[in-house]
Amino acid sequence: MTIKGKAYIAGVYEHPTRKADDKSLAQLHAEVARGALEDAGLTKADVDGYFCAGDAPGLGALSMADYMGLKLRHMDTTESGGSSYVIHVAHAAEAIALGKCDVALITLAGRPRAEGMATGTAPRNYGAGVPDVPFEFPYGPTVVNMYAMAAMRHMHQYGTTSQQLAWIKVAASHHAQHNPQALLREVVTVDDVVNSPIIADPLHRLDCCVITDGGGAVVVVRPEIAKRLSRPPVKVLGAGEAPKHQMGGKIDLTYCGAVWSGPAAFAEAGVKPGDVKYVSIYDSFTITVLITLEDLGFCAKGQGGKFVADGNLIAGTGRLPFNTDGGGLCNNHPANRGGMTKVIEAVRQLRGEAHPAVQVKNCDVALAHGTGGSLATRHGSATVIMGRE
Amino acid sequence: MASAQRTIPAPQPTPETQAFWDGTAAGKLMYKVCTACGQPHHYPRPLCPYCFSDRTEWREASGRGTIYSYSVMRRVPVPYAIAYVTLEEGPSMMTNIVDCDLDALRVGQPVRVVFTPTDGGPPVPTFTPA
Ligand SMILES: [Zn+2]
């Protein structure tokens, strides 16, 4: 049993807002849902499967089905932080392959900017009932210093440098200059990145993603439905998902769950890293991209610094174009959860609808990867590989 | 130079972790070992995260370890060092490095446990250069 060829991505939509003072969370979910359905050429009445994660209000799928007026026969609220939506694409394909639904709608939305959330620098307390909290929260773990510890260890073990990490931001900024909706459109240099203030050693301000409101949605459908629609069909080829955690104290910050989700996705898709023309890699921080690329097999372990340096991730000139919308580092990171926008830009590339300045030629196979939670400690990894018809 | 101390929020003990916090109050760093598979773990659980046996028992750690990784949080009112310290007994644990020069920390540095007061709860184990 495989999902290969059993489902197609028929519609995608990225909300244009980056600050949603005047919109509710539920409204944002509904607006992206409508956008993706319009993109597909479908209507709300066609939806019989709905997928959302922890960003949805209230009781998640129940609250949103109520708000949007959906009539469903399948729902899935798998919560894996920012990687959830990559998992949802795979789970939607599984549900469609099993006949549990025909048209699956996946939504993400959030308004951390409007709410003034100190996303990266304030510890989040998930409550005393969470078993790790008494042993972690007192020490002030934040998103940024947790990812910073992974970067620090990678530097120690493999000699990775801040300059090499900076190239990831530089590449993202080269792409974002062509995206009118990107929050940061200015092209930056390696010096700009390493001279920006340190937030948490060794990560600088420009090693960090943006904080934005907004959201996105994806519509996954049965092959028979995809063939009726007018948009270029994008086939789901394979997927993998894996949590990684602290392993009872056998902590290793140098790799992430992509070592498991990646091979599973490649095996199901029947392709190799060398076949992939474009990658969307979750870029909460520069280090997230570097470790993920190594673990997906695009370069040898420990060689990520050399791999990403010298513009090698820049579309048109680099060896592996990534995040051509500008990614979370420059364009958009709605709800502090980047998996959705990773899928959306990969679909644009496969359709040939990326900005002409960053469109990858003959883009027939693309990969999207999500990371949710805290890289290399307690996190979810999800990989989906998609192809053009 | 000694770093300024941030206020550390109180950990909330639970029945399964009470012995750990009784330990910190008495100046002892406790950890769990599974007598079924022989492996130590942290944070402490009644069921071994390796073999799922309930034959886990408390031991006192030496308090010696090395910094596995760390990061100094700079963009906050009182900068502080978060770290994973690998205990001599095996497990690595999240902690803070305190009473130190925040600019002189390094991966692999030997450290020893010290117990730092919290805001109304039991002290937490932190580490300082050995
Ligand atoms: Zn055991």
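By convention in this document, chain letters (A, B, ...) are assigned in the order of the sequence lines, proteins followed by strands, and residues within each chain are numbered from 1. Worth saying up front: this structure is predicted, and the values here are computed from it rather than measured. The figures here come from the full heavy-atom set of this structure, side chains too, leaving out hydrogens, waters and symmetry mates.
Side-chain N or O atoms of Arg153(A) include one that pairs as donor or acceptor with a backbone N or O of Tyr68(B) at under 3.5 Å.
Closest heavy-atom contact between Pro9(B) and Phe137(A): CG-CE2, 3.7 Å. Nearest heavy-atom pair, Gly248(A) versus Pro49(B), reported as atom, atom and distance to 0.1 Å: CA-CG, 4.2 Å.
You'll find the side chain of Trp21(B) reaches within 4.5 Å of the side chain of Pro134(A), heavy atoms only. Side-chain contact between Tyr84(B) and Gln246(A): present, with at least one pair of heavy atoms (C-beta onward) separated by less than 4.5 Å. Annotation: side chain of Pro141(A) is in contact with side chain of Met94(B) (closest heavy-atom distance under 4.5 Å).
Shown here is Gln12(B), whose CD atom has no more than 12 heavy atoms of other residues, nucleotides or ligands within 6.0 Å. More than 12 heavy atoms of other residues, nucleotides or ligands sit less than 6.0 Å from atom NZ of Lys19(A). Summarising the local packing, CD of Glu186(A) is surrounded by 12 or fewer heavy atoms from other residues, nucleotides or ligands at distances under 6.0 Å.
For a residue to count as touching a neighbouring chain, one of its non-hydrogen atoms must lie under 4.5 Å from one of that chain's; by this rule Pro13(B) does not touch chain A. Residue contact with chain A, scored on non-hydrogen atoms closer than 4.5 Å, involves the backbone and the side chain of Thr95(B) alike. Phe20(B) touches chain A through its side chain: at least one heavy atom from C-beta onward sits under 4.5 Å away, while N, CA, C and O do not. For Met247(A), the part sitting under 4.5 Å from any heavy atom of chain B is the backbone (N, CA, C, O) and nothing else. Using a 4.5 Å cut-off between heavy atoms, Asn125(A) makes no contact with chain B at all. Residue Tyr70(B) touches chain A through both its backbone and its side chain, counting heavy-atom pairs closer than 4.5 Å. No part of Arg106(B) comes within reach of chain A, as not one of its non-hydrogen atoms sits under 4.5 angstrom from that chain. Heavy atoms closer than 4.5 Å to chain B are found in the side chain of Val144(A), but not in its backbone. With a threshold of 4.5 angstrom between heavy atoms, Pro197(A) approaches chain B through side-chain atoms but not through N, CA, C or O.
The structure places CD1 of Ile82(B) at 9.5 Å from OH of Tyr139(A), a figure rounded to the nearest 0.5 Å. In this structure, the separation between NZ on Lys250(A) and NE2 on His42(B) is 15.5 Å, given to the nearest 0.5 Å. Note that the CG atom of Asp201(A) and the CG atom of Leu102(B) stand 8.5 Å from one another [nearest 0.5 Å]. Rounding to the nearest 0.5 Å gives a distance of 12.0 Å between CG of Asn145(A) and CZ of Arg74(B).
Between Tyr43(B) and Phe135(A), the angle of the ring planes stays under 30°, which puts this pair in the parallel group of the 30/60° scheme.
When the options Pro123(B), Pro11(B), Pro122(B) are evaluated for a side-chain contact (heavy atoms from CB on, under 4.5 Å) with Pro138(A), the one that passes is Pro11(B). For the pairing with Met152(A), the side-chain contact (heavy atoms from CB on, under 4.5 Å) check across Val107(B), Ile67(B), Val72(B) returns one residue only, Val107(B).
For the options His41(B), Met93(B), Glu16(B), Arg45(B), heavy-atom pairs under 4.5 Å to chain A are most numerous at His41(B). Comparing Ser71(B), Pro91(B), Ala10(B) by heavy-atom pairs within less than 4.5 Å of chain A, the highest count is held by Ser71(B).
Within residues 374-382 of chain A, the residues having any heavy atom closer than 4.5 Å to a heavy atom of chain B are Thr377(A), listed by residue number.
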